[in-house]
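Down below is the structure, laid out as structure tokens.
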Amino acid sequence: MLGLMVKTLAESIGGTVRQRAVRELRDRILTGALPPGTRLDLDEISAEFGISRTPVREALLELSFEDLVEIAPRSGVRVLGVSPDATIDNFAILAALSGKAAEWAAHRISADDLALLGQLADALAAAPPGPAMTDLNWRFHRVVNTAAGSRHLLSLIRQAVRMIPSNFLEVMRVHDPGEHHLLLAALRDGQAERAREVAEQHVLAAGKSLAEWLSGTG
């Protein structure tokens, strides 16, 4: 089952070895590559990732705090996973926060940020599914979230995004009918409510797609 990994640990973006291990394992769990009930072996993970047991052990401990795995003294580590309903909830939380960020950004975003968003939106529209699209999408939403001008809101978004697979766009072929350009247009026009609505629906649609994927109906 561990052989189903979407990308190698060496290809993961940034962070310490432990953080990259957490992100890789979390992504596999949240996308169903490691389904509920899967038993995880420390040595097998260490060998596949090419790292020592210590960061793997620490990564699994962090995932246990997130209720994604269960660590039992005698039976080892078992994946708890997330249900399609829980996936919808996770995306709904992020949608609400992202919507608020877009609403505030509509009043505060700079001309330079709008120009950058235009470039990113054009690139996203042309990018095929894969790591490049994932990076572009992350950069686009990072600009919007930062433009909201609230460090507290950014902190809440960072917490919420932990339960969203970072490799979502690499494993899901999500149809985006120009939603990034729609959000950009609302921001350019200073339409705060419209920006909030587009941002929320953008995230909610992604959550619905992943929930359908996990339930086998997508």
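Residues E103 and R194 are not paired through a salt bridge, judged by the lack of any N-O separation under 4.0 Å between the basic side chain and the carboxylate. Between R20 and E24 there is no salt bridge, since no side-chain N of the basic residue sits under 4.0 Å from a carboxylate O of the acidic one.
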Residues N145, R142; criterion side-chain contact (heavy atoms from CB on, under 4.5 Å); working and verdict
CA-CA 5 Å; N145 295 340; R142 173 68 179 177; 5.6 Å; no
Run the side chain to side chain donor-acceptor pair (under 3.5 Å) check on D122 and H180 step by step: do they pass?
CA-CA 9 Å; D122 289 343; H180 291 97; over 6 Å; no
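Remark: side-chain polar atoms of W213 are paired, donor with acceptor, to backbone N or O of T31 under 3.5 angstrom. When atom types are taken as modelled, the side chain of D189 and the backbone of Q191 share no donor-acceptor pair closer than 3.5 angstrom. Remark: the backbone N or O of K100 is not paired with any side-chain donor or acceptor of R196 at under 3.5 angstrom.
Note: the hydrophobic cluster containing I88 does not contain I29 (ILVMFWY, side chain heavy atoms under 4.5 Å, direct or indirect links).
Ring orientation note: the planes of H141 and H202 are close to parallel, at an angle under 30° on the 30°/60° scale.
Sequence neighbours left out, not one pair with a member in residues 82-92 passes side-chain hydrogen bond (donor to acceptor under 3.5 Å, both in side chains).
Residues that satisfy the side chain to side chain contact (heavy atoms under 4.5 Å, CB included) test with L204, not counting sequence neighbours, are A92, A95, Q201.
Each of Q19, R57, R162 was scored for a side-chain hydrogen bond (donor to acceptor under 3.5 Å, both in side chains) with E62, with one residue passing: R162.
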